[in-house]
Amino acid sequence: MKNNNTPLRGNGQAGSSFVVALLITGALAAQQNFVPEEATIQGTHAAFAAGQLTCVQVVRAYLNRIEAYDHQGPALNSIITINPKALEAAAEMDRLYAANRSALKPLYCIPVILKDNYDTADMPTTGGSLTLAESIPPRDAFVVKKLREAGALILAKANLTELARGGTTVSSLGGQTRNPYDLTRTPGGSSGGTGAAIAASFGIAGTGSDTGQSVRSPASAQSLVGLRPTRGLISRSGIIPISTTQDEAGPITRTVEDVARMLDVMAGYDPDDPITAFGAPKIPKTYTAFLDRGGLKDARIGVLVDFFGRDRVHEEVNAVTETAIKTMTESGATMIRINIPNLNGLTRNIQVSEYETKIAFNNYLARLGPRAPVKTLEEFIARGEFHVSLKAGLEADQRVVDGFNDPEYKNRLLRRNDLRQAVMSVIAQNNLDAILYPHQRRLVVPIGEDQLDRNGVLSNSTGFPAITFPGGFSTPTASAPLGVPIGIELLGPDWSEPILIKLAYAFEQIAKVRKSPASTPPLSH
């Protein structure tokens, strides 16, 4: 079931007669100069500056792709709601830009796909849940506000694993999202709707949230770049929460450069998320300053042997990762095989979300005020309008009486510090710039299976930043004509985003791994 408040296919209901006329008169010129597939922020802005493109033409190009591929053709089922005023907003941006062409904001007219757990005051924020299908928050999430102020156009909101509680991108409201590279597989999760939409070029950039690995898993599964930032770099306020300790917000894009450009806007201090006070002094003037094609030269990268699988099911991921390691070595990096002593023990029973969810979710509902469709997690469960896969976890979270004072909760927080120390000790002992490993030890799973062998724990349980980027593809098959994407992950100490961006960008520019999915080709013009 989809949200019925807005048109899902950009069918013109949101546009004025002026917009329609502008579309008709400008369509041919735009099609000759702007290619929406794989478009970047910088490339789109260059087309604007050259007078080759209007914002309306950009928006229409992406609405056309959503129309063609999200519910038809491969039926990716990645979008829950389209902004009903997207074309009107684009026309207003065109008017303002025509009046002052020197005032191009950092994300001017960049169509952004939001994971539908980011609050938007002009559209429902559903979390993929039937219960929240009509829930319109009183204000934008802090990050959404920053994106809009930077000129971004919020084009649509994407499906997710309901309430971001899992890794397969299925929800009671949005159904199951499919991976555009292999329609029989999941797109990763829980931000898989955003991932599928960006991989299929339904927009230029997207946002996700990552409690376990939910920004990075869709990036790995769909040949994308996803960044989980240092805890405190990006505000979480106004995003439906799971864990006040583990939740992070981050960008999902097709290129490392666009991650850097999104991070420039998304990072910042928010008094409603006090942990961001620690990040504010650490933000550089621009993360794009670290886009260095030669960035791998003289780098020291630890290859975390513990995070490689040893069974036949792991062979394709291992082979792609080893090829990436070879490429990095040939590019001037020193690659050092490392182990973290007792890593299995250090990462066991270390998640804290189950002790925090009820309090965090109830606080979120309270901030919705009288608009809230339910007031508590208990009421949400009583409605019974959620995907069956959530039932046991929701009921277990509701049974937690005083999570913050539970002795086991406090023990787990202490164990998280033990893991931080162990990781930093290995980095110091080997004088490393970053640690490398495959994001998942095996390919993203077929729809209906649980994803096993994930490696997201090292970031989500330390608060350290990690960037996932395209490493390669598995062997092509009938259902995956290009192969299934395989993502590589780099992790570094607190506030090391500049180094991670530099290393990932250098590899991206040399290896040139990304390919567009065959299921969503360019539309005929």
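Side chains of Ser235 and Ser237: a donor-acceptor N/O pair is present below 3.5 angstrom, by distance only. Donor-acceptor pairing under 3.5 Å is lacking for the side chains of Gln451 and Thr168. A donor-acceptor contact under 3.5 angstrom links the side chains of Ser129 and Glu162, judged on distance only. No side-chain donor-acceptor contact under 3.5 Å links Thr255 and Glu508. One side chain, Thr131 or Glu385, offers a donor N or O that lies under 3.5 Å from an acceptor on the other. For the 3.5 Å distance criterion, the side chains of Thr194 and Lys115 fail to qualify, holding no donor opposite an acceptor. For the residue pair Asn159 / Ser78, no side-chain donor-acceptor distance below 3.5 Å is found, with atom types taken as modelled. A donor and an acceptor atom, one from each side chain of Lys157 and Thr125, are located under 3.5 Å apart. Under 3.5 Å, the side chains of Ser190 and Ser214 contain a donor-acceptor pair of N or O atoms. Residues Asp258 and Thr40 bring no donor and acceptor atom of their side chains to less than 3.5 Å of each other.
Proximity of a side-chain donor or acceptor of Asn179 to a complementary backbone N or O of Gln222 within less than 3.5 Å is not detected. Counting only distance, with no hydrogens or angles, the side chain of Arg420 and the backbone of Arg415 share no donor-acceptor pair below 3.5 Å. Here the side chain of Arg228 pairs no donor or acceptor atom with the backbone of Ala466 at under 3.5 angstrom. Judged purely by atom type and a 3.5 angstrom limit, Tyr409 has no side-chain atom pairing as donor or acceptor with the backbone of Glu354.
For the side-chain hydrogen bond (donor to acceptor under 3.5 Å, both in side chains) criterion with Asn455, the lone passing option out of Arg441, Arg216, Gln213, Glu489 is Arg441. With Arg236 as reference, Asp273 is the one residue of Asp272, Asp119, Asp270, Asp273 to meet the salt bridge (charged side-chain N to carboxylate O under 4.0 Å, His left out) rule.
In this structure, the side chains of Pro465 and Leu233 stay at 4.5 Å or more apart for every pair of heavy atoms. A heavy-atom distance below 4.5 Å is not found between the side chains of His439 and Ile488. By the 4.5 Å heavy-atom criterion applied to side chains, Ile41 and Thr253 are not counted as neighbours. Residues Lys515 and Phe473 meet the side-chain proximity criterion, which asks for heavy atoms closer than 4.5 Å. Inter-residue side-chain proximity for Phe308 and Glu322 is flagged as met; some heavy-atom pair is nearer than 4.5 Å. In this structure the side chain of Thr120 never reaches within 4.5 angstrom of the side chain of Asn83, judged on heavy atoms. Using a 4.5 Å heavy-atom cutoff, the side chains of Val59 and Leu155 are in contact. Using a 4.5 Å heavy-atom cutoff, the side chains of Ile154 and Arg148 are in contact.
Note that the CG atom of Asn117 and the CG atom of Leu160 stand 5.5 Å from one another [nearest 0.5 Å]. Taken to the nearest 0.5 Å, the CZ atom of Phe386 stands 6.5 Å off from the CD1 atom of Ile381. Note: Asp210 CG to Glu248 CD = 8.0 Å, rounded to the nearest 0.5 Å. Taken to the nearest 0.5 Å, the CD1 atom of Ile252 stands 8.0 Å off from the CD1 atom of Ile198. With values rounded to the nearest 0.5 angstrom, Ser459 atom OG is found 11.0 Å from Ile435 atom CD1. In this structure, Tyr181 OH and Leu443 CG are separated by 14.5 Å, a value rounded to the nearest 0.5 Å.
Within a 6.0 Å sphere centred on CD of Glu378, other residues, nucleotides and ligands contribute 12 heavy atoms or fewer. Counting heavy-atom neighbours within 6.0 Å of Arg383 CZ, excluding the residue itself, gives a total above 12. Heavy atoms of other residues, nucleotides or ligands lying less than 6.0 angstrom from NZ of Lys391 number 12 at most. Under a cut-off of 6.0 angstrom, the local environment of CZ in Arg139 is sparse, with at most 12 non-hydrogen atoms contributed by other residues, nucleotides or ligands.
Of all non-hydrogen atoms in Gly195 and Pro218, the two that sit nearest each other are CA-CB, 4.3 Å.
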Pair Ser353, Gln246 - check side-chain hydrogen bond (donor to acceptor under 3.5 Å, both in side chains), show working. CA-CA 7 Å; Ser353 57; Gln246 291 182 213; 4.8 Å; no
Using the rule given for side-chain hydrogen bond (donor to acceptor under 3.5 Å, both in side chains), can you reason through Ser479 versus Asp182, listing the C-alpha separation, both sets of side-chain angles and the distance that settles it, and then say yes or no? CA-CA 5 Å; Ser479 63; Asp182 184 342; 3.1 Å; yes
Test log, rule salt bridge (Lys or Arg N to Asp or Glu O under 4.0 Å), inputs Arg442 and Asp311: CA-CA 10 Å; Arg442 64 176 71 189; Asp311 298 326; 6.0 Å; no
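Between Phe34 and Tyr62, the ring planes are perpendicular. Angles over 60° get that label, and only those under 30° would be called parallel.
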